[in-house]
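One-based numbering along the sequence shown. Note that ligands are numbered from 1 as they come in the structure, with each ligand's atoms numbered from 1 the same way.
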Amino acid sequence: MSSLPLHPPPPAPPQPPTQPRTVLRAAHLGMCFGVRNAIALALAHAPTQPLTILGDLVHNPTVLKRLLDQGVTIQHQVAAVSTPTAMITAHGASRRRLAEAQARGLRIVDATCPLVRAAHAAVQNLARAGFHPVVVGLRDHVEVRGLTEDLAAFDVVLTEEDIRRLRPRARFGVAAQTTQPIERVRHLAGLLRERFPGAEVRVCDTVCQPTKQRQYAALEIARCADVVVVVGGIHSNNTRELAATCARHGARVHHVQTAADLRPAWLAGAATVGLTAGTSTPDEVVDEVERWLRACPVAD
Ligand code: SF4
């Protein structure tokens with residue numbers, strides 16, 4: 001026969017109110033079609049022939065490791081290639097560089113993104129039409145070298161100071177590295193017009209659509225998130241630009257390469273966390289970061 005306990009257990013203490021964390025995944029994020037195509041091409045060729053990639057196929061350590069595991073070699077100079085086949089990355093190459101590779105008898109696998117090709121055509125057309133090419137981008141980036149190496153004269157600009165250093169010309173033709181924020185391109189083109197009011201300034205918008213989509217989507221989440229986590233290679237230009245855009249719009253920003261870089265302390269007091277990723281970040285890396293963000297306990 002059961003009996004009632006003399007002292008029933010005290011009621012459970014009230015739990016402190018916990019605020020569920022919202023993780024906002026950017027509407028457009030992560031790997032673009034150009035990088036996906038280039039990786040697929042490299043992985044298709046690697047098992048059948050020794051392959052050297054000319055430069056980093058993507059600025060992402062996870063993808064690079066996968067390629068190196070397949071026996072792919074990476075070299076930055078044509079002269080250093082020791083396999084019969086060499087691959088041009090999605091970033092493209094100048095005609096001069098292609099000719100150098102062909103002169104060495106190399107078979108070329110060309111993974112140049114069609115949108116980089118369009119940027120090459122735009123810069124060449126500007127030069128042919130008598131405009132002095134001004135490329136908005138990172139001077140030492142492989143894509144910018146490809147865009148400019150065939151030109152007799154050009155300038156590369158990234159800052160207002162760079163515009164102040166330009167010599168007067170009758171006609172300027174502005175184009176951009178495909179992964180530059182379009183706002184920067186418009187701003188610098190505007191400054192160029194102000195600085196040389198008598199010059200004709202023609203602007204070709206060569207920023208690619210996937211970059212624009214990721215930039216706008218990052219801006220949207222930066223406006224409503226307390227913290228934004230940006231996933232991508234530390235040397236990836238477009239990933240760094242995403243982080244800079246989010247920081248400009250007031251979010252606390254953390255740039256990670258993988259989930260292993262995340263720290264719980266970053267999320268202290270953050271009810272809403274935004275998530276975005278650069279165009280060379282693999283889906284599985286983004287998904288792992290998202291799982292971690294959702295699982296990390298809420299702390300004050
Ligand atoms: S970032 Fe743009 S230009 Fe570069 S590979 Fe991707 S789609 Fe092509």
For ligand 1, which atoms sit closer than 4.0 Å to a heavy atom of [X]?
{"X": "Phe33", "value": "7 (S)"}
{"X": "Thr179", "value": "1 (S)"}
{"X": "Pro210", "value": "7 (S)"}
{"X": "Val116", "value": "3 (S)"}
{"X": "Thr279", "value": "1 (S)"}

**OP:** For atom 4 (Fe) of ligand 1, state which one of Asn37, Thr211, Thr178 supplies the nearest heavy atom.
**Re:** Thr178
Tell me whether [X] is salt-bridged to [Y], with the criterion being a basic N under 4.0 Å from an acidic carboxylate O.
{"X": "Arg25", "Y": "Glu290", "value": "yes"}
{"X": "Asp162", "Y": "Arg165", "value": "yes"}
{"X": "Asp287", "Y": "Arg291", "value": "no"}
{"X": "Glu100", "Y": "Arg97", "value": "no"}

Original post:
Counting only heavy atoms, which portion of Asn238 has something under 4.0 Å from ligand 1: side chain, backbone, both, or neither?
Top reply: neither
Original post:
Do Arg104 side-chain atoms and Val81 backbone N/O form a donor-acceptor pair below 3.5 Å?
Top reply: yes
Original post:
Under 3.5 Å, is there a donor-acceptor pair between the side chain of Arg240 and the main chain of Ile234?
Top reply: yes
Could you tell me the residue and atom name of the protein heavy atom closest to [atom], and the distance to it rounded to 0.1 Å?
{"atom": "atom 2 (Fe) of ligand 1", "value": "Cys208 SG, 2.3 Å"}
{"atom": "atom 8 (Fe) of ligand 1", "value": "Cys113 SG, 2.3 Å"}
{"atom": "atom 6 (Fe) of ligand 1", "value": "Cys32 SG, 2.2 Å"}

**OP:** State which residues pass side chain to side chain contact (heavy atoms under 4.5 Å, CB included) with Thr85; sequence neighbours excluded, sorted by chain then number.
**Re:** Gln49, Leu51, Arg107, Val109
